[in-house]
Amino acid sequence: MKLIEFLQNTEKIDEESVLYVKRIDGQFLSESEITILNLTEEELEWKTYEVTEKKCPGFEYFMESFLIKEFMEDISSQYPTIEKKCNRLIHYVEFDA
């Protein structure tokens, strides 16, 4: 699944999951491949690079799903298209989170 596809269905997001995304040419993009992990209590204590090494090599930690859902709700009136929302989320993850 691509990041933008994931964001089109935020109402179906399992808020307990964590999103990991694969960079394209060093960047997170709307077309980046994602993996959604439901981590155990023990795994939640691991460093993010440990999770990626063991569970999803080639991916990087992106954000917890409940935070993505909240973020998308907060910006929904400011950004009219899913593409603009996706780009704003990527910017937030890269520079503000």
Side-chain angles (χ1 to χ4, degrees):
M1 179 184 300
K2 307 289 184 209
L3 178 59
I4 197 160
E5 295 168 342
F6 174 78
L7 297 177
Q8 289 173 329
N9 296 304
T10 54
E11 70 280 351
K12 297 178 184 176
I13 292 175
D14 175 1
E15 293 189 10
E16 299 296 317
S17 64
V18 181
L19 193 67
Y20 288 80
V21 178
K22 190 177 281 190
R23 290 182 184 267
I24 299 173
D25 295 327
Q27 298 179 337
F28 292 133
L29 301 173
S30 61
E31 295 299 313
S32 292
E33 186 180 342
I34 67 161
T35 190
I36 304 161
L37 299 179
N38 287 317
L39 302 173
T40 65
E41 290 294 322
E42 179 184 335
E43 292 167 339
L44 287 169
E45 294 177 14
W46 295 354
K47 297 195 182 312
T48 57
Y49 73 86
E50 293 175 315
V51 173
T52 59
E53 285 176 357
K54 295 175 183 178
K55 296 235 174 225
C56 53
F59 288 80
E60 279 185 48
Y61 167 80
F62 192 76
M63 186 183 269
E64 289 90 349
S65 294
F66 79 92
L67 292 173
I68 293 171
K69 190 171 184 175
E70 287 177 10
F71 185 87
M72 295 299 283
E73 289 169 1
D74 289 347
I75 66 166
S76 64
S77 63
Q78 299 163 331
Y79 297 88
T81 66
I82 191 65
E83 291 82 8
K84 290 182 185 221
K85 290 174 187 169
C86 185
N87 290 335
R88 179 63 186 103
L89 176 64
I90 290 168
H91 184 274
Y92 176 78
V93 168
E94 293 276 42
F95 300 106
D96 300 326

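What's counted below: heavy atoms across the whole structure, side chains too, no hydrogens, waters or symmetry copies.
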**OP:** State, yes or no, whether a side-chain contact exists between Ile68 and Leu7 at a heavy-atom distance under 4.5 Å.
**Re:** yes
Original post:
Which residue pairs pass the ring-ring contact (aromatic ring centres under 6.0 Å, His included) test with at least one member in residues 35-60, sequence neighbours excluded?
Top reply: none
Subject >> ILVMFWY network linking Leu89 to Leu29, side-chain heavy atoms under 4.5 angstrom >> reply: no
Original post:
Is there a side-chain contact between Lys55 and Glu43, using heavy atoms and a 4.5 Å cut-off?
Top reply: yes
**OP:** Flag the pair Ile34 / Tyr20 as yes when at least one side-chain heavy-atom distance between them is below 4.5 Å, and no otherwise.
**Re:** no
Original post:
NZ/Lys22 to NZ/Lys2 distance, rounded to the nearest 0.5 angstrom?
Top reply: 9.5 Å
**OP:** Start with the C-alpha gap between Val93 and Met63, add the side-chain angles, then the distance that decides, and say whether side-chain contact (heavy atoms from CB on, under 4.5 Å) holds.
**Re:** CA-CA 7 Å; Val93 168; Met63 186 183 269; 3.8 Å; yes
**OP:** Consider only side-chain heavy atoms of I, L, V, M, F, W and Y, link residues closer than 4.5 Å, and tell whether Leu19 and Ile24 are in one cluster.
**Re:** no
Original post:
Would one find more than 12 heavy atoms of other residues, nucleotides or ligands at under 6.0 Å from atom NZ of Lys47?
Top reply: no
**OP:** Starting from the C-alpha separation in whole Å, work towards a yes-or-no answer on side-chain contact (heavy atoms from CB on, under 4.5 Å) for Ile36 and Asp14.
**Re:** CA-CA 9 Å; Ile36 304 161; Asp14 175 1; 6.0 Å; no
Subject >> Ion pair Arg88/Asp74, N-O distance below 4.0 Å >> reply: no
Subject >> Spatial distance of atom CD1 (Ile13) from atom CZ (Phe66) [nearest 0.5 Å] >> reply: 12.0 Å
**OP:** Starting from the C-alpha separation in whole Å, work towards a yes-or-no answer on side-chain contact (heavy atoms from CB on, under 4.5 Å) for Leu37 and Ser17.
**Re:** CA-CA 5 Å; Leu37 299 179; Ser17 64; over 6 Å; no
**OP:** For the residue pair Ile82 and Met72, establish whether any side-chain heavy-atom pair is separated by less than 4.5 Å.
**Re:** yes
Original post:
Which atoms form the tightest heavy-atom contact between Gln27 and Ser32, and what is the distance?
Top reply: O-OG, 3.9 Å
Subject >> Any Glu31 side-chain heavy atom under 4.5 Å of Leu3 side chain >> reply: no
Original post:
Does Glu16 CD have over 12 foreign heavy atoms under 6.0 Å away?
Top reply: no
Subject >> ring-ring contact (aromatic ring centres under 6.0 Å, His included) partners of residues 21-45, not counting sequence neighbours, each pair once >> reply: Phe28-Phe62
**OP:** In sequence, state the C-alpha distance, the side-chain angles, and the governing distance for Ile4 and Glu83, and then conclude on side-chain contact (heavy atoms from CB on, under 4.5 Å).
**Re:** CA-CA 7 Å; Ile4 197 160; Glu83 291 82 8; 3.8 Å; yes
Original post:
Between Lys69 and Glu11, is the closest basic N to carboxylate O distance under 4.0 Å?
Top reply: no
**OP:** Calculate, to the nearest 0.5 Å, the distance between atoms CZ and OG belonging to Phe6 and Ser65 respectively.
**Re:** 4.0 Å
Subject >> NZ on Lys84 to CD on Gln78, rounded to 0.5 Å >> reply: 12.5 Å
Original post:
Could Arg23 and Glu60 be called an ion pair, given the rule that one side-chain N must be under 4.0 Å from one carboxylate O?
Top reply: yes
